[in-house]
2 protein chains.
Amino acid sequence: MQKQTKKQESTGKGARWRWRGRLWLEGPEGTFLGYGRVVLLERIREYGSLASAARSMEMSYKHAWDLLASMTRQAGCPLVVTVRGGKGGGGATLTPAGEKAIGLFWKYHDRFQRELTWMSAELQKLFCGEEKPKAKRGTS
Amino acid sequence: MQKQTKKQESTGKGARWRWRGRLWLEGPEGTFLGYGRVVLLERIREYGSLASAARSMEMSYKHAWDLLASMTRQAGCPLVVTVRGGKGGGGATLTPAGEKAIGLFWKYHDRFQRELTWMSAELQKLFCGEEKPKAKRGTS
DNA sequence: GATCGTTATGTTTTTGATAATATAACGACC
DNA sequence: GGTCGTTATATTATCAAAAACATAACGATC
């Protein structure tokens, strides 16, 4: 039985809150690096091709290609070098700039997630409960 | 003088980056407090009615009502007290819990925005440029 | 009791983002 | 030179979220 003190929780919902958030790096064209884009880059590194990277994320090839184009356009230098035709039909591999983009994003992403965790830990009493201890100070 | 050094900018794109993000408080049902929801609460306080609050944000009344219902459901206590019929047709005013929700959100939102500003300030050299300063401490 | 702007709640329409589909070109390799 | 899986690009279809629309009920005030 989840008896517990049942003092705060008994407001009907047993509400437990946490802060969540999204973080992205924005450039002149809009989003430049975000979670999905960076995972895509990582998958390209893992699979060596844009097509299978997209498949692995259940993302359409076109969408992946568009994201990559957007990143390349904004970065000013390619994050991925692509080859078409030839052995295996072609492929894609990360450039050093691409590697650096991944590292940069995760660095800040992790910092942000940590911050969210701290923030959530601060959420104890929420507004519903009577926040006036009143402490029997006579002012009834 | 908006001349500035124009040294970094000359990489072709004039790329200037900044971190952006979104923050919301999540409860058992999903989003509980987010930017739009809190602004809605503030507008209700300002206008004294849900209908005109929605209008002021160019939001449909139904959408506003749904958001409010979601918040109330999750909070466990009403953030807004509504009156229908009567003088002026009715209205809506914030409860203390509603006020507190607004304050809570902005507190964390502001902290988050400050964090984003700091993070953005750290973004000087991005990956494209040669990241080797090679001595040369004073940027002329 | 007629009026008014509101709350309350459905139902339908729009629309924007994503997925699906189609097709061409590529080039090493057999 | 035919094959293969890829890059590259355009067009169409799907779907879910938001808007738009519709309607009923409410109750102080006149």
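Proteins get letters first, then strands, A, B, ... in listed order; numbering begins at 1 in each.
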What does the B/S/- profile of nucleotides 23-30 of chain C look like, 5' to 3', with a 4.0 Å heavy-atom cutoff to protein? ---BBS--
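- A donor-acceptor pair under 3.5 Å links the side-chain atoms of Thr72(A) to the main chain of Leu68(A), judged by distance alone.
- To the nearest angstrom, P of dT6(C) lies 13 Å from OH of Tyr47(B).
- Straight-line distance from the CG atom of Leu50(B) to the C1' atom of dG5(C): 13 Å, rounded to whole Å.
- For Trp65(B) and dG5(C), the CH2 to P distance is 23 Å, given to the nearest whole Å.
- Of the residues in residues 52-60 of chain B, not one comes within less than 4.0 Å of DNA chain D through any heavy atom.
- A donor-acceptor distance shorter than 3.5 angstrom exists from the side chain of Gln74(B) to the backbone of Thr31(B), with no hydrogens or angles considered.
- The CD1-C1' distance, from Ile44(A) to dT6(D), rounds to 13 Å in whole Å.
- Checked against the 6.0 Å centroid threshold, Phe112(A) and Trp106(A) do not count as a close aromatic pair.
- Whole-Å rounding puts the Asp66(B) CG to dG10(C) C1' distance at 11 Å.
- Residue pairs meeting the side-chain hydrogen bond (donor to acceptor under 3.5 Å, both in side chains) criterion with at least one member in residues 48-59 of chain A, sequence neighbours excluded, are Arg43(A)-Ser56(A), Ser49(A)-Ser52(A).
- In plain terms, the two heavy atoms of Ala92(B) and Ile44(B) that are nearest each other are O-CG2, 3.7 Å.
- Between Glu42(B) and Arg37(B) there is no salt bridge, since no side-chain N of the basic residue sits under 4.0 Å from a carboxylate O of the acidic one.
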Close N/O contacts between protein and nucleotides 11-14 of chain C (under 3.5 Å):
none

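- In this model, the phosphate group of dG5(D) is not approached by any side-chain N or O of Ser49(A) to a distance below 4.0 Å at OP1 or OP2.
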Base-pair map of DNA chain C as dot-bracket, where | denotes pairing with a different strand and pairs are Watson-Crick or G-U under 3.5 Å: ||||||||||||||||||||||||||||||
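- Atom CG in Leu25(A) sits 10.5 Å away from atom CZ in Arg18(B) (nearest 0.5 Å).
- Within the structure, the ring-ring contact (aromatic ring centres under 6.0 Å, His included) test picks out no pair touching residues 76-100 of chain B (sequence neighbours left out).
- We find that NE2 of His63(B) is positioned 12 Å from P of dA20(D), with the value rounded to whole Å.
- With values rounded to the nearest 0.5 angstrom, His109(B) atom NE2 is found 13.0 Å from Leu104(B) atom CG.
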